[in-house]
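A short write-up of the structure that comes next.
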2 protein chains.
Amino acid sequence: MDKKIRIKDIARMAGVSAGTVDRVLHNRGNVSDDARIAVEKIIEQVDYRPNMHVSSLSLKRRYKIAVTTPQYSSGAYWESIHNGIKHTLDEYENIKVEYHVFTYNQYDIYSCREVFEKISRFEMDALIIGTTFREETIKLCSKMDERQIPYIFVDSSVDECKPLAFFSADHYMVGRLIANLITSITPKGSNIGLLQAVRTGDSSAYTTILRKKGFTDYLSEMKSMNQVLKIPFSVSQPEDNERHLSHFFKNHKNVPGIVVMNSRGSIVSDYLYNNNMDNVKMICMDLTTPNIEAVKKGHIDLLIGQGPEYQGFYAMKTLLEYLIFKKPVTIQNFVQLDIITKETVDYYKSF
Amino acid sequence: MDKKIRIKDIARMAGVSAGTVDRVLHNRGNVSDDARIAVEKIIEQVDYRPNMHVSSLSLKRRYKIAVTTPQYSSGAYWESIHNGIKHTLDEYENIKVEYHVFTYNQYDIYSCREVFEKISRFEMDALIIGTTFREETIKLCSKMDERQIPYIFVDSSVDECKPLAFFSADHYMVGRLIANLITSITPKGSNIGLLQAVRTGDSSAYTTILRKKGFTDYLSEMKSMNQVLKIPFSVSQPEDNERHLSHFFKNHKNVPGIVVMNSRGSIVSDYLYNNNMDNVKMICMDLTTPNIEAVKKGHIDLLIGQGPEYQGFYAMKTLLEYLIFKKPVTIQNFVQLDIITKETVDYYKSF
DNA sequence: TGTATTTTTGTGTACGTGCACAAAACTATA
DNA sequence: TATAGTTTTGTGCACGTACACAAAAATACA
């Protein structure tokens, strides 16, 4: 167990005082080239890893961080992301963070524009963005670029933007995964039902496109004979869904498997249960409270988790460590995909 | 964001000095009943959570912790447990821990006895036990009980012992999970091959018994018509396995699915691949390096992980927090079960 | 060369906790 | 009441880091 290297050690090795090392580490300037080079050389050699918890202890600065996501209710997907973020603040409890939440209606583009407008003018050190509306996000980000405010994406990234980092599932791979699983648990060449949101304000479209591409690519690569049947579904008029579903199943008698690529799976599974169609296999996304219940009861067979708590946690953690400790950042961060069954759901841990 | 309560605050509230609060918190004695009660009362009221990283900073004591597991090679299951343990020491880098590893040959009971004998007399503050031989473990634990040295199990627990805690998969549920998955991905009523270790010194027998019970319970509860066919397999004579396998498949032509309840899955998957039997579905345990490779190549369909790094990490973390901060301990800790496919294996994170 | 100004460097303190040691308050005994 | 011994209490330092401020060195300018 080799001894831990401290600032004082670096100072001694470089023949300067601890204050100078500190100035180099935080590039506060007012250091002669000679001293700076000497210190940098030593830092290269030894692997100095600052004790972050002690740092934060003596940190005076306050940080102001904004977070914007769609509105969320209890037990929903976006809530988990917020929980993850709060968990970071909990861990670094002595860092003084002002944490501002901006939510908008993800089915109302005007609400999004209004909120993003507000954020554009908001005074802050950094921003975490839960992406949904694509064009609006691009606009917001270019504003942030202009103002030199770093931002991190959660849930999904937007190619046109230059975030400090993003934390999201590899949505294309999610699609492939779902295809693999549904073809594995249904007889060869089965019809597969796919829940398809009827476009409203058309929000998280890009994510869904990627997933669907993964899904169909997998099927065609495997030369599967499965037919994919779209089940229409409305977020804005939930009262219509019962009708959509019964209409679908009236026209399609032989559908042994259904996949839902958004978090609304429990709506379908509830329908199946209420209509004694337990033999239909279901794969859904996200561990929302209703989905978890459906898995426990066996109405959903497989649930795919994309670690929203993890995403929020690491987004905030990365941000703080970047702001405070200048820690280098990995831009692309694909999170783990969790496959949950009735047997494993009780042991699932978000952190 | 309500202000953090410090020792100094408690002292002020209780009308004593910080030193007295410290003595109460660590029950170091030499405190009058009056003062003790006053302090305890305040501690009840406010929820004081010590800043552990600062504590460890000013901690003078050294701790001596022993770990015993079977011998392990690179990329193997037990190595991951050790990695998890090391990760804790990494996180609490300023706690002075002497960390002693005792490994034995898990297929040689005499080796185990010899090592446990040594541990029985070893001077230490706590012990982490990776359980395999049952009777030997019970004996070792009773010795530890006598010496009042706390111990924590990883991988699996032993009912007869009184550990401070254990971190393990719910092995019965692992069995049920595997049964669910294999019956889901094979046609109804298929024959299922089950790799069966021919008894050597008979080591991790109990774990396997639990898993098998879960497996068969599930099948009978589901009134499945699947026949379970045992495939013999030898750990001590690996050169025999090729023969075992070809013998098995000569006698059983129709086996669309095989499950392996230990970490040796890649042995079977390699055989299947080499003999052009790719259509046989495989479910195996543990993310060992060869198993991961087999999943990536598609030779293993589903891999079940029991978070060995997590087990090791939390075992050590729990121990340190118990020893140093008297943190209350949850005895029973069942870890998350991870289901890994070709699509998710690259995104799997141990921590 | 001397003084003012700027740049560079070093020192000291705070943060929250553990622990050693000194100080104070009791208790026992003559 | 005085003295010695014991228990209880308070104080101060260390840990590693950030940051303010003082000190020193370098530079500019008369």
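The shown structure was predicted, so the numbers you read here are calculated from the model rather than taken from an experiment. Convention: sequence-line order gives letters A, B, ...; per-chain numbering from 1.
The side chain of Y48(A) contributes no N or O atom lying less than 4.0 Å from OP1 or OP2 of dG16(D).
Distance, R62(B) CZ to dG18(C) P: 19 Å, rounded to whole Å. In this structure, N94(A) atom CG and dA14(C) atom P are separated by 18 Å, rounded to whole Å. If you measure from atom CD1 of I7(B) to atom P of dG12(D), you get 17 Å, rounded to the nearest angstrom. Protein atom OH of Y92(B) is 13 Å distant from nucleotide atom P of dG18(C), rounded to whole Å. Here dC15(D) presents its P atom at 16 Å from CD1 of I5(A), a figure rounded to the nearest Å. Straight-line distance from the OH atom of Y63(B) to the C1' atom of dG18(C): 10 Å, rounded to whole Å. To the nearest angstrom, C1' of dA18(D) lies 11 Å from NZ of K96(A). Rounded to whole angstrom, the span from the CG atom of N51(B) across to the P atom of dG16(D) amounts to 15 Å.
Applying the side chain to side chain contact (heavy atoms under 4.5 Å, CB included) rule to M13(B) yields the partners D9(B), I42(B), V46(B); only residues at least two apart in sequence or on another chain are considered.
Comparing the start and finish of the helix from dT1(C)-dA30(D) to dA30(C)-dT1(D), five pairs each, the helix axis swings through 60°, to the nearest 10 degrees.
Residues from residues 12-46 of chain B placing a heavy atom under 4.0 Å of any atom in DNA chain D, listed by number, are V16(B), S17(B), G19(B), T20(B), R23(B), N30(B), V31(B), S32(B), A35(B).
How far OG of S55(A) is from CG of L25(A): 9.5 Å, rounded to the nearest 0.5 Å. Annotation: the span from I95(A) atom CD1 to E321(A) atom CD amounts to 8.0 Å, rounded to 0.5 Å.
Note that K64(A) lies in the cation-pi zone of F122(A), set by a 6.0 Å cut-off to the ring centre and a 45° limit from the axis.
Nearest-nucleotide assignment on DNA chain D puts the 5′-proximal partner with L57(B), out of R61(A) and L57(B).
The side-chain contact (heavy atoms from CB on, under 4.5 Å) with T68(A) is formed by just one residue from the set I129(A), I128(A), T137(A); it is I129(A).
If you look at F116(B) and Y104(B), their ring centroids are closer than 6.0 Å.
A parallel orientation is assigned to the rings of F351(A) and H87(A), their planes being inclined by less than 30° (bins at 30° and 60°). In this pair, Y92(B) and H53(B) present their aromatic rings parallel. The plane angle is below 30°, not in the 30 to 60° band. Using a 30° and 60° split on the angle between ring planes, F153(B) and Y151(B) fall in the perpendicular class, above 60°.
In this model, a side-chain donor or acceptor of S58(B) finds a partner on the base of dT17(C) within 3.5 Å.
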